[in-house]
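So the structure is just underneath, and the comments pick up after that.
Predicted model, so just to flag it, every value in this text is computed and none were measured. Basis for what follows: all heavy atoms, side chains included, without hydrogens, waters or symmetry-related copies. Counting starts at 1 for both ligands and their atoms, in listed order.
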Amino acid sequence: MAKTAQIRDALSKFLQSADDHNRLAAAELGRTALQSGIGVVEWAGTVHSVVLETLQTTHSPENRERLGNAAQVFLMECLSAYDMAFQGAREARMALRHQIERMEAHDQRIAREMHDTAGQLLVSAYMELHLAAHASSGAAPYLSKANALLDQVQSHLRRFAQELRPPVLDDLGLMPALRALGQSIATRGSIAVTVEGDTNGRLAPPVEVALYRTAEEALSNVVKHSGAAHAEVLVERRPHEVRCTVTDDGVGFSDSDSLLNPRLGLIGLRERLRPLGGSIRWGSIPSLEGSMAQGSTVIATVPLKEEVRYATESIDR
Ligand SMILES: Nc1ncnc2c1ncn2[C@@H]1O[C@H](COP(=O)(O)OP(=O)(O)OP(=O)(O)O)[C@@H](O)[C@H]1O
Ligand SMILES: [Mg+2]
């Protein structure tokens, strides 16, 4: 049956009886109509014409009022899928804008640090080389200072490269990159980070990057918000999917957090995983005896069949 005919049919049934069964059918019809591209205007037109037809045979004012109310409820049920899709699109737009702003701020910081640190060290190295070239006797001390300065430039450049895109991720894969990430977070702060699991071989590059960025954001949240003493990153390769779970033993998320904070870091991850067919969940975990105390968990999942589809493509940050 064509979609508009289905709408007419469902509405006619609904006008006869607005029971739970017909309500659920209306909501389901809304979802499938959205997927097949039926627009809101088409809905309004179809509902309007069915209501007009029914009104012609409905004469008592009570029945007319009941009909109007039922048509309104029907539309609300059907259009709830559109409302959710609209909310999702709005969140995705916000996350994208936030991500772009974050990348801009990050690029600006790297550019400034390159200028202020590596750039200044290079100027000093040039000066030492100049002094060495013009030294009437004993250029060695100047050359050795220039050498030391160039060593510092090299280590700064390594750090910048690491921050932009860890070479270990491309060279050795997700697990070594996550271990390096965990170690660097643990040495910078007061949080112990354990990294467990196995990918059973390399994953497609976009999947590795997406799961790495997931762990990076989740661990950065642990540092910023949780007050945790311990965080754990667990990677599991299952028959049809790969999963990355980040858990901590901190304060957890409360409902008021979710209302007060727009969660653009986490929403950004959802948008990053979406093109891979992946998904993400987050929230508080109940206190488990003998395990970590109450804290938070973030679980990202990517299906492996999608991974194959993307295996030859590359998504960068
Ligand atoms: N591990 C955690 N422990 C406790 N609260 C958390 C944790 N992770 C996230 N939250 C809560 O969820 C909110 C949303 O996190 P999200 O990463 O989306 O945004 P953010 O970290 O506040 O900002 P940013 O956009 O810079 O990431 C946080 O502000 C915090 O209140
Ligand atoms: Mg965050």
Side-chain angles (χ1 to χ4, degrees), residues 84 87-110 112-113 162-166 177-179 181-197 209-236 243-276 278-288 291-302 315-317:
M84 276 163 66
Q87 294 267 26
R90 199 167 48 189
E91 279 184 5
R93 259 202 325 274
M94 270 166 57
L96 185 63
R97 198 177 325 134
H98 179 70
Q99 188 71 17
I100 291 170
E101 280 169 13
R102 240 160 53 161
M103 280 163 66
E104 284 296 328
H106 185 258
D107 291 355
Q108 237 175 19
R109 190 176 62 73
I110 297 273
R112 206 172 37 239
E113 279 191 32
Q162 181 72 22
E163 238 186 87
L164 289 169
R165 163 93 171 233
L178 288 178
R179 279 188 209 105
L181 175 69
Q183 216 164 38
S184 94
I185 288 174
T187 46
R188 268 186 279 141
S190 55
I191 295 181
V193 183
T194 45
V195 177
E196 302 285 344
V209 174
L211 293 180
Y212 180 83
R213 296 294 177 209
T214 300
E216 190 177 47
E217 170 63 28
L219 287 174
S220 136
N221 278 350
V222 174
V223 172
K224 281 198 294 186
H225 308 297
S226 76
H230 181 212
E232 182 186 83
V233 181
L234 173 66
V235 177
E236 297 161 282
R243 177 185 280 216
C244 176
T245 308
V246 179
T247 341
D248 69 64
D249 61 356
V251 293
F253 295 29
S254 72
D255 283 348
S256 56
D257 291 337
S258 64
L259 292 174
L260 288 173
N261 299 302
R263 298 189 172 202
L264 288 179
L266 294 171
I267 288 173
L269 292 179
R270 196 168 67 201
E271 296 312 311
R272 184 184 274 278
L273 291 161
R274 200 195 294 273
L276 301 168
S279 59
I280 186 162
R281 288 177 291 144
W282 60 78
S284 274
I285 43 174
S287 176
L288 297 171
S291 151
M292 291 170 121
Q294 179 158 1
S296 311
T297 188
V298 172
I299 304 173
T301 311
V302 179
I315 295 176
D316 215 331
R317 64 174 303 143

- Query: How does Val298 reach ligand 1, by side chain, by backbone, by both or by neither, if only non-hydrogen atoms under 4.0 Å count?
  - Reply: neither

- Query: So is Leu266 polar-close to ligand 1, meaning N/O to N/O under 3.5 Å?
  - Reply: yes

- List the atom of Leu269, the atom of Arg213, and the distance in Å for their closest heavy-atom pair. CD2-O, 3.8 Å

- Proximal protein heteroatoms (N, O or S) of the Mg ion (ligand 2), under 2.8 Å: Glu217 OE2, Asn221 OD1

- Query: Does Val251 reach ligand 1 with a nitrogen or oxygen that is under 3.5 Å from one of the ligand's nitrogen or oxygen atoms?
  - Reply: no

- Query: Side chain, backbone, both or neither: which part of Ser296 has a heavy atom under 4.0 Å from ligand 1?
  - Reply: side chain

- Query: Taking atom 5 (N) of ligand 1 as the point of reference, which of Arg270, His225, Gln99, His98 owns the nearest heavy atom?
  - Reply: His225

- Query: With sequence neighbours left out, what residues match Ser220 under side chain to side chain donor-acceptor pair (under 3.5 Å)?
  - Reply: none

- Query: Between CD of Glu91 and CZ of Arg93, what distance do you get to the nearest 0.5 Å?
  - Reply: 11.0 Å

- Query: Ion pair present between Arg97 and Glu101, side-chain N to carboxylate O less than 4.0 angstrom?
  - Reply: no

- Note on the structure: For Arg102, the ligand 1 atoms with a heavy-atom partner under 4.0 Å come out as 24 (P), 25 (O), 26 (O), 27 (O)

- What heavy-atom pair brings Ala300 and Leu273 nearest, and what distance separates the two atoms? CB-CD1, 3.8 Å

- Heavy-atom closest pair (Tyr212 atom, Pro166 atom, distance to 0.1 Å) is OH-CG, 3.3 Å

- Query: Which atom names give the shortest non-hydrogen contact between Ile191 and Ala231, and what distance separates them?
  - Reply: CG2-N, 4.0 Å

- Item | Arg102 bridged to Glu217 by N-O distance under 4.0 Å | yes

- Could a heavy atom of Gly252 be found less than 4.0 Å from some atom of ligand 1? yes

- Note on the structure: Smallest heavy-atom separation, Ser296 atom then Gly252 atom, equals OG-CA, 3.2 Å

